[in-house]
Each structure stands twice: as structure tokens, then as C-alpha cells.
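Following: one structure in C-alpha cells, then a few remarks.
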Amino acid sequence: MSDFKPLSGAIIKGDINAAVAETQSALDTGNSAQDILDKGLIATMNEVGERFSKGLIFVPQMLRSARAMQECTKVLNPHFQEGDVTSKGKVLIGTVKGDLHDIGKNLVSMMMEGAGFTIIDLGVDVPPEKFVEKAKEVEPDIVGMSALLSTTMPAMLETIEALRKAGIRDKIKVMIGGAPVTEKYAQKVSADSYASDAGSAVIKAKKLLGVS
Ligand code: B1M
């Protein structure tokens, strides 16, 4: 088993080519995609966040690391596919208003798609009215929201309220997640579900819809 140091170093440097090559090499040497994701990619992004908090790196470096990580997840993506399955349900997902972080949301989307859900991704900085408009159009089973900033978490409540005002809140399940989000916060804003990571988002989505 690798220690993922070369992969981690490449992501920290923001060297996309080296990071992608290290991801492929980690797969080739027998590491599971899940281990590479958890112990390689996500652990490194946590370290990037800590370096940012300590003032050792700044937004441009953080962005370069994020780009490198996104490319690595594309290499892992095929390894999370569960094969040909009929859709388990439709998930409308986005990062809430004011928030540009999308790596976590993209991972959740990727794992859910791999597990057989149909994903409609609204991208980042999605205002409540956009969630409502698209939800009316595509009639999803689940609306998923991601927030990475404590300052953008209130947009989750705003969106849930907008869904309620539009008369569609009771027809859909709402799942929320993101680093500052907690189970307690999910209960406070009356979301139907909270997931701490992409793997549990899949398990909880299946539970919400009663599918296996
Ligand atoms: Co920003 N940023 N950032 N950032 N960034 C954080 C979040 C921060 C914690 C860094 C720090 O200070 N230590 C901090 C937030 C502090 C806070 O509010 N509590 C922060 C800050 C302050 C900022 C800016 C304000 C910096 C500035 O400009 N001065 C700025 C804000 C921009 C904005 O959004 N308006 C900013 C900008 C950026 C970049 C653009 C440079 C870049 C994002 C690039 C991108 O996403 N395309 C960036 C990055 C990369 C980070 C860190 C380092 C990494 C985030 C990440 O991708 N993690 C982050 C530090 C950290 O989180 N440790 C930080 C990896 C990802 C796989 O994890 O997103 O948590 P995560 O997703 C997980 C779970 O949370 C969960 O599953 C995922 C997979 O397991 N999950 C869900 C996520 N969504 C879910 C939805 C679900 C269910 C589960 O259901 C629907």
C-alpha cells in the first residue's frame, strides 16, 4: 500500500500532470479508488485548508490544488460506477448562493451517479429561486445542497423556505452537506437528511427513497 506522499505533494504544488500520474500509479499498484480518495485526495485538501488558515498559502495556491484534485477525481470516477442500473431516483444538486466550492459537491454527484442516481447539477453559487425553478421543471426526488462556508450555510434555509413557498417542499426530500454543516444544523433547518461525506450521501439517499 502506498503512503500517497508523492500524490499529496503533487496536489499541494498544484502540479496537475504529476497528480494525475500519481493517481493512476496508485491505482496500478493495487490501491482502491476509495483509499486514494480518502487517504490521498481528501486528506491532502484538508492539509491545504490548514496551510491556508495558517497563512502559509493563499487563494491562488488553494485554487491550483483544487484544480489538481478535480483532475484526479476524473481518473477515479470509472472505479465508482456500479454498472448498468435503472435510475434509483433523480437528484437536483448545487452549491448554495454565494459559495464557489464545488469539489465536495462534484464528488457527491459522482458517487451518486455511480450508484445509479440521475444527477442534475446546477453548479455553484445557486440562488434559491434557481433551485425552485429547476425543481419545478425536472421534478427531482431529492434536492441536494452543499455549503463550505459558515457564511453561506443560511442560504440552505433560504432555499428550503423558497421550496416551501413554491408549494413543492413536501414533494421532495432535501439533503444537505459540506464541511461546516452538521446533523444538528440539518435538523434546525428541517432538511430531511445530512451526510458527512460522499459515501454516506449515497447510503442516505437510498434510505430516503427506500431503494437498495
Ligand atoms: Co475555500 N475555504 N475559500 N476555497 N477552501 C475553506 C472551506 C476553508 C475551511 C479554508 C480554511 O480557512 N481553513 C474556509 C472556510 C471557513 C469557514 O467559513 N468555515 C475557506 C475560505 C475562507 C475561502 C474564501 C473566503 C477565501 C478568500 O477568498 N479569502 C473563498 C470563498 C470563495 C466563495 O466560495 N465565495 C475560498 C475560495 C476557495 C477556492 C476557490 C480557492 C477553492 C475552491 C475551489 C473549488 O471548489 N473548485 C477553495 C478550497 C479548495 C478550500 C479547501 C482548502 C478545500 C475544500 C475542498 O474541496 N475539500 C477548504 C478547506 C477544507 O475544507 N479543509 C476551504 C475537499 C472536499 C472533498 O471536501 O468539500 O468538505 P468537502 O466535501 C465533502 C463533505 O463535506 C461532503 O462530501 C464531500 C466528499 O466527501 N459534502 C456533502 C459536501 N457537499 C455535500 C452535499 C451533500 C452531502 C455531503 O448532500 C447534498
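Phe80 and Met45 fall within a single hydrophobic cluster, where Ile, Leu, Val, Met, Phe, Trp and Tyr are joined by side-chain heavy atoms under 4.5 Å apart, directly or via other members. Hydrophobic clustering, with ILVMFWY side chains joined whenever heavy atoms are under 4.5 angstrom apart, groups Met153 together with Val143. When the side chains of ILVMFWY residues are joined at heavy-atom separations under 4.5 Å, either directly or via intervening members, Met69 and Met110 end up in a single hydrophobic cluster.
For Glu71 and Asn17, the side-chain atoms include no donor-acceptor pair closer than 3.5 Å. Donor-acceptor pairing under 3.5 Å is recorded for the side chains of Asp38 and Gln34.
Here the closest non-hydrogen pair linking Ile103 and Ala66 is CD1-CB, 3.5 Å. Closest approach of Val20 and Cys72 over heavy atoms only: N-SG, 4.1 Å. The two residues Met175 and Ala195 make their nearest non-hydrogen contact at SD-CB, 4.3 Å. The two residues Pro140 and Ala135 make their nearest non-hydrogen contact at CD-O, 3.3 Å. Taking all atoms of both residues into account, the shortest heavy-atom contact from Gly98 to Asp125 is N-OD1, 2.7 Å. Closest heavy-atom contact between Val91 and Phe117: CG2-CD2, 3.9 Å.
Around CG of Asp28, the count of heavy atoms belonging to other residues, nucleotides or ligands within 6.0 Å exceeds 12.
Atoms OG and NZ, from Ser212 and Lys207 in turn, are 14.5 Å apart once rounded to the nearest 0.5 Å. How far CD1 of Ile36 is from CZ of Phe4: 5.5 Å, rounded to the nearest 0.5 Å. Interatomic distance, CG of Leu157 versus OH of Tyr185, reported as 6.0 Å (0.5 Å rounding). Taken to the nearest 0.5 Å, the CG atom of Asn46 stands 12.5 Å off from the CZ atom of Arg51. In this structure, Thr152 OG1 and Glu158 CD are separated by 10.5 Å, a value rounded to the nearest 0.5 Å. Taken to the nearest 0.5 Å, the CZ atom of Phe52 stands 10.0 Å off from the CD atom of Gln61.
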(request) Quick one: do Thr95 and Ser146 satisfy side-chain hydrogen bond (donor to acceptor under 3.5 Å, both in side chains)? Show the steps, please. (result) CA-CA 5 Å; Thr95 301; Ser146 180; 4.5 Å; no

(message) Please evaluate residues Asp3 and Lys39 with respect to the criterion side chain to side chain contact (heavy atoms under 4.5 Å, CB included), reporting the C-alpha separation (whole Å), side-chain torsions for both, the decisive distance (0.1 Å), and the verdict.
(response) CA-CA 8 Å; Asp3 60 6; Lys39 299 178 188 161; over 6 Å; no

(message) Quick one, Lys171 with Ile168, criterion side chain to side chain contact (heavy atoms under 4.5 Å, CB included). Give me CA distance, side-chain angles, the key distance, then yes/no.
(response) CA-CA 5 Å; Lys171 296 182 188 143; Ile168 52 175; 4.3 Å; yes

(request) Please report the C-alpha distance between Leu163 and Val174 in whole Å, then the side-chain angles of each, then the deciding distance to 0.1 Å, and finally whether the side chain to side chain contact (heavy atoms under 4.5 Å, CB included) criterion is met. (result) CA-CA 10 Å; Leu163 291 167; Val174 173; 4.1 Å; yes

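Pairs engaging residues 184-200 under the salt bridge (charged side-chain N to carboxylate O under 4.0 Å, His left out) rule: Arg169-Asp192 [sequence neighbours left out]. The salt bridge (charged side-chain N to carboxylate O under 4.0 Å, His left out) pairs that include a residue from residues 135-152 are Lys134-Glu137, where partners are two or more places apart or lie in different chains.
Evaluated for a side-chain contact (heavy atoms from CB on, under 4.5 Å) with Leu92, the options Leu122, Ile119, Asp121 yield exactly one hit, Leu122.
At a threshold of 4.5 Å between non-hydrogen side-chain atoms, the residues Gln70 and Asn106 count as touching. Taking 4.5 Å as the limit, every side-chain heavy atom of Ile120 sits out of range of all side-chain heavy atoms of Ile93. Ser109 has its side chain out of reach of Met112: every pair of non-hydrogen atoms, C-beta onward, lies at least 4.5 Å apart.
Checked for salt-bridge contact, Glu161 and Arg164 meet the test: a charged N lies under 4.0 Å from a carboxylate O.
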